[in-house]
Colleague: 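Dropping a structure here in structure tokens format, bear with me for questions.
Heavy-atom basis, side chains included; hydrogens, waters and symmetry copies ignored. First listed ligand is number 1; within each ligand, the first listed atom is number 1.
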Amino acid sequence: MSKTRRTEIPTASHGQSSIAGSGQYPQVRMRRNRKADWSRRLNAEHQLSVDDLIWPIFLIDSKTPRTPIDHMPGVDRLNIDAAVKAALEAAKLGIPAIAPFPYVDKALRDPTGSEAIKATNLMCRAVAAIKNAVPELGVITDAALDPYTSHGHDGVLDEKGRILNDDSIEILIKQSLALAAAGTDCISPSDMMDGRVGAIRTALDAAGYQDVQIMSYAAKYASGFYGPFRDAIGTNATLIGDKRTYQMNPANSDEALREVALDIAEGADMVMVKPGMPYLDIVRRVKDTFAVPTYAYQVSGEYAMLMAAIKNGWLDPDRVIMEALLSFKRAGADGILTYFALDAAKRLKASQ
Ligand code: PBG
């Protein structure tokens, strides 16, 4: 963990002629270390490695192996066979883990997300197939109801449309147990209900799943940057209202530390900040405050922004993709959930 160091900036100019206000120039020339590639590499403070990557993928029950997602060029929904192939490719490149998300058939969605808790649902079948084919690849799965509810919320609602915290947790527990039985390595509660991490931890342990990890979406903001994801899982047209009564206010930073503290106390093994690039300040505060494994999610909207500019020829993919990912490491993240994971892993391999 690199705490921000306070740098003493000397002001004496040692009697040398100097540019006004430039301190120790010309004895100290910051550019000297940048003069050649070897020296820039030697002096690099942070590095991105394939070990830092978690690859979110989208699943769909379909005969067609891949169906494109309009708002995420280059990302497809995969059927289970294609997802297994993708998992094999990820493992081959050395990516530690994938995070699958389902596009659930609209006919299977209902107000309580009842499909979420079924052992035979798309997620459970995909997790089992992936773990069977690629046991060494980590599989991280969301606990949240939004892909399964007819209203698109992460929990269940009362008759006035308010999210019922504790009732939602009861369902999230069952969803987590179904995913654990299917063989998931890690549950990732992304619902932002109060107390869900502790409740899921207790239930997993009681059922004999002490080894199943929890990576909590600890500081998850009510963000506009999730738009393309909601296209990918088919909730953008169905979501009634917004998620501001459970996801965090983008104006807040101290509150993120309270959220993270609670999740750690409730048994989270890893914590996540989401979205990514607009919230790098939160990543840094979380890492400095708690020194626990800290992850950032470069979300669908961040991917879409970069891809839109890349597709228009306005940004150079060979520069901006890795630069954006490195920013997470610089901010203190231990790893990044990114739709660029496969691309980044290939770039890292090619640069070796
Ligand atoms: C579901 C969930 C969301 C994302 C991950 N899990 C969307 C949301 O909360 O509405 C967003 C991921 C992305 O935008 O890439 N709870």
Colleague: Is the gap between the ring centers of Y295 and F328 under 6.0 Å?
Modeller: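 When the ring centroids of Y295 and F328 are compared, they turn out to be at least 6.0 Å apart.
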
Colleague: For ligand 1, which atoms, with element, lie under 4.0 Å from some heavy atom of Q247?
Modeller: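 Selected atoms, number and element: 8 (C), 9 (O).
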
Colleague: In the protein, what heavy atom is nearest to atom 1 (C) of ligand 1, and what distance, to one decimal place, separates them?
Modeller: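 Of the protein heavy atoms, D146 OD2, 2.8 Å lies nearest.
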
Colleague: Compare every heavy atom of D154 with every heavy atom of S190, then report the nearest pair and how far apart it is.
Modeller: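 Answer, listing the atom of S190 first, then D154: O-OD2, 3.3 Å.
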
Colleague: For D154, take its heavy atoms, then give the atoms of ligand 1 lying under 4.0 Å from any of them.
Modeller: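 In order of numbering, the contacting atoms are 1 (C), 16 (N).
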
Colleague: Considering residues at least two apart in sequence or located in another chain, which fulfil the side chain to side chain donor-acceptor pair (under 3.5 Å) criterion with Y297?
Modeller: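 By the side chain to side chain donor-acceptor pair (under 3.5 Å) rule, Y297 matches Y339.
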
Colleague: Within a distance under 4.0 Å of any heavy atom of Y297, pick out the atoms of ligand 1 and give their elements.
Modeller: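 Going through ligand 1 atom by atom, the ones under 4.0 Å from Y297 are 12 (C), 15 (O).
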
Colleague: Among all protein heavy atoms in this structure, tell me which lies nearest to atom 14 (O) of ligand 1, with the distance rounded to 0.1 Å.
Modeller: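 Residue, atom and distance for the closest contact: S300 OG, 2.7 Å.
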
Colleague: Give a yes/no verdict on whether any heavy atom in Q298 is under 4.0 Å from an atom of ligand 1.
Modeller: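 For ligand 1, residue contact (heavy atoms, under 4.0 Å) with Q298 is absent.
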
Colleague: Should you measure from each heavy atom of A144, which atoms of ligand 1 turn up under 4.0 Å away?
Modeller: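 So the answer, numbered in order with elements, is 16 (N).
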
Colleague: Which ligand 1 atoms does S190 reach within 4.0 Å, using its non-hydrogen atoms?
Modeller: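 The atoms of ligand 1 under 4.0 Å from a heavy atom of S190 are 1 (C), 2 (C), 6 (N), 16 (N).
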
Colleague: Which pairs count as ring pair (Phe, Tyr, Trp, His ring centres under 6.0 Å) when at least one residue sits in residues 184-225, sequence neighbours excluded?
Modeller: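 Qualifying pairs: Y221-Y279.
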
Colleague: Around atom 8 (C) of ligand 1, find the nearest protein heavy atom and jot down its residue, atom name and distance.
Modeller: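 Looking at atom 8 (C) of ligand 1, the protein heavy atom closest to it is K243 NZ, 3.3 Å.
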
Colleague: Looking only at protein heavy atoms, identify the closest one to atom 6 (N) of ligand 1 and say how far it is in Å.
Modeller: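 Checked against all protein heavy atoms, atom 6 (N) of ligand 1 sits closest to D142 OD2, 3.0 Å.
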
Colleague: Minimum distance, heavy atoms only, to atom 7 (C) of ligand 1: which one of Y246, F229, Y339 is it?
Modeller: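 Answer by nearest heavy atom: F229.
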
Colleague: By number and element, which atoms of ligand 1 are closer than 4.0 Å to a non-hydrogen atom of R230?
Modeller: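 Listed by number with element, the hits are 8 (C), 10 (O).
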
Colleague: Any side-chain donor paired with an acceptor under 3.5 Å for S253 and R285?
Modeller: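 Indeed, the side chains of S253 and R285 share at least one donor-acceptor pair under 3.5 Å.
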
Colleague: Just to check, does Y303 reach to within less than 4.0 Å of ligand 1 when the distance is taken from its heavy atoms?
Modeller: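 For ligand 1, residue contact (heavy atoms, under 4.0 Å) with Y303 is absent.
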
Colleague: Does NZ or CZ of K220 come closer than 6.0 Å to the centre of the six-membered ring of Y226, within 45° of the ring's axis?
Modeller: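 Positive - K220 is close enough to the ring of Y226 and near enough to its axis.
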
Colleague: Using the side chain to side chain contact (heavy atoms under 4.5 Å, CB included) rule, take Q298 and L325 through it: C-alpha gap first, then chi angles, then the decisive distance, then the call.
Modeller: CA-CA 8 Å; Q298 184 190 47; L325 293 175; 3.7 Å; yes

Colleague: Side chain or backbone of V299 under 4.0 Å from ligand 1, or both, or neither, by non-hydrogen atoms?
Modeller: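 It is both parts that get close, each with some atom under 4.0 Å.
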
Colleague: Among protein heavy atoms, which lies nearest atom 5 (C) of ligand 1, and at what distance?
Modeller: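 Looking only at protein heavy atoms, the one closest to atom 5 (C) of ligand 1 is K274 NZ, 2.6 Å.
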
Colleague: For G155 and S168, which heavy atoms make the closest approach, and how far apart are they?
Modeller: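 Closest approach of G155 to S168: CA-OG, 3.3 Å.
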
Colleague: Y303 and F340: aromatic ring centres closer than 6.0 Å?
Modeller: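 Yes, the ring centres sit under 6.0 Å apart.
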
Colleague: Below 4.0 Å from any atom of ligand 1, is there a heavy atom belonging to K220?
Modeller: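 Contact check K220 vs ligand 1: positive.
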
Colleague: Both conditions, 6.0 Å and 45 degrees, for the charged tip of R230 above the ring of F101: are they met here?
Modeller: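 No, cation not above the ring by the 6.0 Å, 45° rule.
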
